[in-house]
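Reviewing the structure listed below.
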Amino acid sequence: MSRAAQSTAHHPTTELAELGRFFTITARSFDAGRTAPQMFSGAIDAAWHQLLTDPAAHDAFTTEHAGRPLTHSPIKGAGFITWLSTYEEAYGPLPQIWFTDATGTVDTDSLARYRETGQVWAEWDCSPAPGDDDAVPGTTSA
């Protein structure tokens with residue numbers, strides 16, 4: 001996949017706000033018996049990894065947004081991002097930060113494709129998982 005060389009400044013508040021939305025979508029997915037949504041944004045994932053350095057803050061953040069503790073699961077994959085309609089119904093179109101890597105470079109090709117088609121095909125390295133006290137969710141697609 002080609003990446004344009006457009007770079008943006010990191011805005012941790014935006015990344016954390018989107019991470020909170022992602023965890024809310026995660027809870028909806030788990031509550032419906034579906035698998036976890038795919039984390040395909042390098043910038044938002046970097047904010048998640050920073051949050052993971054403080055387990056108490058991470059538990060508080062996931063509980064605030066998902067209503068329960070969540071964990072980080074290193075699940076790699078590639079394909080169609082299945083949770084977009086749930087996100088868009090709640091928050092509107094995905095903002096540019098979802099198409100930004102950990103260094104602040106925006107994948108303008110993927111962003112343009114999303115804006116034209118409403119679909120995202122991407123790679124991911126992780127997904128949320130239920131906390132230790134939660135049951136494993138069902139395995140239907142999100």
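Counting begins at 1 with the first residue of the sequence.
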**OP:** Walk me through it: do Tyr114 and Leu84 pass the test side chain to side chain contact (heavy atoms under 4.5 Å, CB included)?
**Re:** CA-CA 10 Å; Tyr114 166 67; Leu84 297 182; 4.2 Å; yes

**OP:** Working to the nearest 0.5 Å, report the span between CE of Met39 and CZ of Phe22.
**Re:** 4.0 Å

Original post:
Do the side chains of Phe99 and Tyr91 join up, straight or via other hydrophobic residues, at under 4.5 Å, putting them in one cluster?
Top reply: yes

Subject >> Euclidean distance, Leu16 CG relative to Gln50 CD, rounded to 0.5 Å >> reply: 9.0 Å

Subject >> Residue list, side-chain hydrogen bond (donor to acceptor under 3.5 Å, both in side chains) with Glu64, at least two apart or on another chain >> reply: none

Subject >> Residues which pass side-chain hydrogen bond (donor to acceptor under 3.5 Å, both in side chains) with Arg28, listed by chain and number, not counting sequence neighbours >> reply: none

Original post:
Got a second to check how far His65's NE2 is from Leu70's CG, nearest 0.5 Å?
Top reply: 11.0 Å

Original post:
Residues in side chain to side chain contact (heavy atoms under 4.5 Å, CB included) with Pro95, at least two apart?
Top reply: Glu18, Tyr87, Ile97, Trp98

Subject >> Cys126 SG to Asp45 CG distance, which is reported to the nearest 0.5 Å >> reply: 3.5 Å

Subject >> Set of residues satisfying side-chain hydrogen bond (donor to acceptor under 3.5 Å, both in side chains) with respect to His58, sequence neighbours excluded >> reply: Trp48

Subject >> Shortest non-hydrogen separation from Ser127 to Ala36 and the atoms involved >> reply: CB-CB, 4.1 Å

**OP:** Kindly write out the residues that satisfy side-chain hydrogen bond (donor to acceptor under 3.5 Å, both in side chains) with Asp59, not counting sequence neighbours, or none if the list is empty.
**Re:** none

Original post:
Just how far is it from atom CD1 of Ile44 to atom OG1 of Thr14, taken to the nearest 0.5 Å?
Top reply: 9.5 Å

**OP:** Assess whether side chain to side chain contact (heavy atoms under 4.5 Å, CB included) is satisfied between Phe61 and Leu19, documenting all intermediate values.
**Re:** CA-CA 9 Å; Phe61 188 86; Leu19 183 61; 3.9 Å; yes

Original post:
Are Val106 and Trp124 connected in a single hydrophobic cluster, I mean Ile/Leu/Val/Met/Phe/Trp/Tyr linked by side-chain heavy atoms less than 4.5 Å apart?
Top reply: yes

Original post:
Under the side chain to side chain contact (heavy atoms under 4.5 Å, CB included) test, which residues partner Asp31, sequence neighbours left out?
Top reply: Arg68

Original post:
Between OG of Ser110 and CD of Gln119, what distance do you get to the nearest 0.5 Å?
Top reply: 12.5 Å

